[in-house]
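The basis for the numbers below is simple: all heavy atoms, side chains too, and nothing from hydrogens, waters or symmetry mates.
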Number of protein chains: 2
Amino acid sequence: MLEKTTRINYLFDFYQELLTPKQKNYMELYYLEDYSLGEISETYDVSRQAVYDNIRRTEAMLEEYEEKLGLYRRFEEQSRILEEMRDSLSKKDLKRVSSLIEELENLD
Amino acid sequence: MLEKTTRINYLFDFYQELLTPKQKNYMELYYLEDYSLGEISETYDVSRQAVYDNIRRTEAMLEEYEEKLGLYRRFEEQSRILEEMRDSLSKKDLKRVSSLIEELENLD
């Protein structure tokens with residue numbers, strides 16, 4: 001059984017434009033609409049195994065894109081910095097805010 | 001003749017991991033090392049036309065990736081916001097800094 005993870009949801013969000021329409025459809029039904037593999041296979045009149053293989057391959061592709069482009073990793077890093085920035089701002093620690101701006105600029 | 005643009009340099013920077021080794025090599029020589037098409041064709045012992053076609057196709061791919069993922073567009077937008085943030089911070093306009101943090105969070 002495939003595990004429906006938050007991580008894959010995020011990766012799908014970042015890289016879905018790089019997938020084929022079929023890959024996108026299956027992923028949307030499985031991850032966003034919470035269909036079961038059986039329900040998708042009935043909807044598209046294909047075997048459950050074919051749906052399973054397609055989704056697994058798509059997940060592997062998403063992980064490969066993430067390895068190459070790291071958009072999710074950057075997103076998490078940026079979120080962390082912005083949260084700290086908000087916190088430093090509320091404490092009027094402007095020096096810290098300034099150095100966090102620099103961190104954002106140098107994020108790679 | 002191909003035009004060596006800043007834009008393509010940026011797009012190459014963002015998406016080079018998605019290119020094949022050959023595409024990467026040609027682009028690096030042409031855009032980063034400033035080789036001419038003739039010099040690349042001599043280096044790799046292929047026709048000048050083949051190098052030209054490869055680079056043109058690669059540029060089209062980079063534009064397609066940008067259309068789908070918009071990393072360069074986001075980068076420019078983020079740079080603009082960070083610059084204004086730095087400026088607002090130096091003027092102690094903390095309310096503006098706070099709303100710029102929000103802009104960064106909602107960047108899509």
Quiz item: Are side-chain heavy atoms of B:L104 and A:L104 found at a separation under 4.5 Å?
Solution: yes
Practice problem: Find the one option among A:E17, A:E64, A:R86 whose heavy-atom pairs under 4.5 Å with chain B are most numerous. | Solution: A:R86
Once you round to the nearest 0.5 Å, how far does [atom1] of [X] lie from [atom2] of [Y]?
X: B:L69; Y: A:Y15; atom1: CG; atom2: OH; value: 8.0 Å
X: A:L82; Y: B:E102; atom1: CG; atom2: CD; value: 11.0 Å
X: B:L89; Y: A:L94; atom1: CG; atom2: CG; value: 5.5 Å

Quiz item: Is A:L107 linked to A:Y10 within one hydrophobic cluster, defined over Ile, Leu, Val, Met, Phe, Trp and Tyr using a side-chain heavy-atom separation of less than 4.5 Å?
Solution: no
Quiz item: Going only through I, L, V, M, F, W and Y residues with side-chain contacts under 4.5 Å, is there a path from B:I81 to B:F75?
Solution: no
Got more than 12 heavy atoms from elsewhere within 6.0 Å of [atom1], [X]?
X: B:E83; atom1: CD; result: no
X: A:Y44; atom1: OH; result: yes
X: A:Y72; atom1: OH; result: yes

Quiz prompt | chain A contacts, top residue of B:Q78, B:E67, B:Q16, B:K92 (heavy-atom pairs, under 4.5 Å) | solution = B:Q78
